[in-house]
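Heavy atoms only: backbone and side chains are in, while hydrogens, waters and symmetry mates are out. Counting begins at 1 with the first residue of the sequence. In listed order, ligands and their atoms are each counted from 1. The structure displayed is predicted, hence computed values, not measured ones.
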Amino acid sequence: MESKKFLLQEKDIPTAWYNVMAEMKNKPKPLLNPKTKEPMKSEDLYPLFSKAASHQELNATDAWIEIPEEVRDMYKIWRPTPLVRAYGLEKMLDTPAHIYFKNESVSPVGSHKLNSAIPQAYYCKQEGVTNITTETGAGQWGAALSMAAKHFGLELAVYMVKVSYHQKPYRRSIMQTYGAQVIASPSMSTKAGRKIITDTPNYQGSLGTAISEAVELAMSTPNCKYALGSVMNHVALHQTVIGLEAEKQMEMAGEYPDVVIGCFGGGSNFAGISFPFMRHNFTGERNTRFVAAEPASCPKLTRGVMQYDFGDEAGYTPMIPMYTLGHNFSPANIHAGGLRYHGAGSIVSQLKNDGYLEAVDIQQLETFKAATMFAQAEGLIPAPESSHAIAAAIREAEQAKLEGKSKVILFNLSGHGLIDMAAYDQYIMGDLANYDVPQSEIDKNISQLEKLL
Ligand SMILES: *Cc1c(COP(=O)(O)O)cnc(C)c1O
């Protein structure tokens, strides 16, 4: 293994996040109140999120938003993260392409999610909030928010999708170790949960249901807010530390990416690695390609529609203008739990509409093949989610080889897979399958959406 790292120092941690909305020609359409269908103002989001996050959510004027000192101090635990030239993978693929990855797996919880968990918990604390709620799928977001909540002295309740609660016991214990309460969703503790359990007693849960439960608890508990780990604009904003650091590191490497790749659940790590580079496309200085890699079993960007939809199952959240498969879409139980979400954030959705990014969908077996190659070439075991970005990067590198042209590829390694070894076990035993989504199922869910666009 002969990879090369590009390292920054503490002083190079960005002092401001990049707010892409300020520089977009076509801004995303507004969030709508789920009941009245009226555009929402920041104040309308206060019952749900901290005031600071509510303002960031709708801020379409300030391109740079200062990172509070307390947040930067906590970022110093693991940031700046390394940028790595993947010589080992290049050699294994025998490609003329130069492959770089930004390693977000070095955070204490093993993924990029902490970049947003810290500011969200910080703002709640600043505003006198005492309790927060959230949902988690595979447990990455829940683990990150548990750590951040404990640091700022907040009590956290996490609704964890039932199937993951049982399949990924170690992420549950991580959250509990940090002192969070973890509840398998659907649960009997909320109206939304009770309704689903009564209608479908064996339902194994989904992110949409868990969000409904967390939102309901936040709305009915004094001094309690809700925090979301993806999809929302303020989450994408916080993640831009990834791309801002990567930009400096690519400069150290003396190169600039021709293509930037991120795996795609709700869009936050993709936004984080992409937006700081995309701003040079807006001005015409650069013509970088941006590729979002999503699972074939949950293909919102490639096969969904741009429409207003709810972020959750019960319809409690604001309506978001998004590429969606419909909030009732129930994705197959693939191992990349963090990518099993029905919709894409509104900024990324608008940028896709405007032609600034491409999306590819990738089957589960291809992602595990890519993950295994990467582990053997670079020594790191990637999260099943991140393996979608690796598979897309390998496709780009193979294309470069076919064309006999060099190309600079940058992808985000959003997390490590050391707590996902059960999934690797199944792959090794030959027990994993691909999933095709029938068009009829997508059509059925989409046809139930109210046409507000
Ligand atoms: C949550 C998660 C994702 C997907 O979420 P995005 O908001 O799309 O980034 C990807 N990778 C890892 C490791 C995750 O934990």
If you scan protein heavy atoms around atom 1 (C) of ligand 1, the nearest is K113 NZ, 1.4 Å
Considering heavy atoms of the protein only, find what lies nearest to atom 8 (O) of ligand 1 and give residue, atom and distance to 0.1 Å. G265 N, 2.6 Å
Determine whether any heavy atom of Q239 lies closer than 4.0 Å to an atom of ligand 1. no
Within a distance under 4.0 Å of any heavy atom of L339, pick out the atoms of ligand 1 and give their elements. 4 (C)
Cationic N near anionic O, under 4.0 Å, D361 to R303: no
Minimum-distance pair of heavy atoms, taken over all atoms of S387 and A371: OG-CB, 3.3 Å
Whether R85 engages the ring of F6 as a cation-pi pair (distance to the six-membered ring centre under 6.0 angstrom, angle to the ring normal within 45°) should be assessed. no
Side-chain touch I390/F411, heavy atoms, less than 4.5 angstrom: yes
Counting only heavy atoms, which portion of V231 has something under 4.0 Å from ligand 1: side chain, backbone, both, or neither? neither
Give the ring-plane orientation class for H238 versus W17, where under 30° counts as parallel, over 60° as perpendicular and anything between as tilted. tilted
Are T81 and E104 close enough, and set up right, to give a side chain to side chain donor-acceptor pair (under 3.5 Å), and what steps lead you there? CA-CA 6 Å; T81 62; E104 289 295 307; 2.9 Å; yes
Of all the atoms in ligand 1, which lie at a distance below 4.0 Å from a heavy atom belonging to E385? 10 (C), 11 (N), 12 (C)
Atom indices of ligand 1, in the order listed, that fall short of 4.0 Å to a heavy atom of Q140: 13 (C), 15 (O)
At their closest point, which heavy atom of V437 faces which heavy atom of S297, and how far apart are they? CG2-O, 3.5 Å
Under 3.5 Å, is there a donor-acceptor pair between the E135 and S185 side chains? no
Identity and distance of the protein heavy atom lying nearest atom 7 (O) of ligand 1: S230 OG, 2.5 Å
For atom 4 (C) of ligand 1, what's the nearest protein heavy atom and its distance? G338 O, 3.4 Å
Atom 13 (C) of ligand 1 sits nearest the protein heavy atom S414 OG, 3.4 Å
Side-chain donor-acceptor contact under 3.5 Å, Y46 with H55: yes
Which of the numbered atoms in ligand 1 are below 4.0 angstrom from a heavy atom of H112? 2 (C), 3 (C), 9 (O), 10 (C), 11 (N), 12 (C), 14 (C)
Which atoms of ligand 1 sit under 4.0 Å from any heavy atom of C263? 10 (C), 11 (N)
Interfacing atoms of ligand 1 (cut-off 4.0 Å, heavy-atom, G415): 13 (C)
Side chain, backbone, both or neither: the part of F264 lying under 4.0 Å from ligand 1 by heavy atom: backbone
Specify the closest pair of heavy atoms between L452 and Q307, including all atoms of both residues, with the distance to one decimal. N-OE1, 3.0 Å
Output yes when the distance from some N or O of ligand 1 to some N or O of G267 is under 3.5 Å, and no in every other case. yes
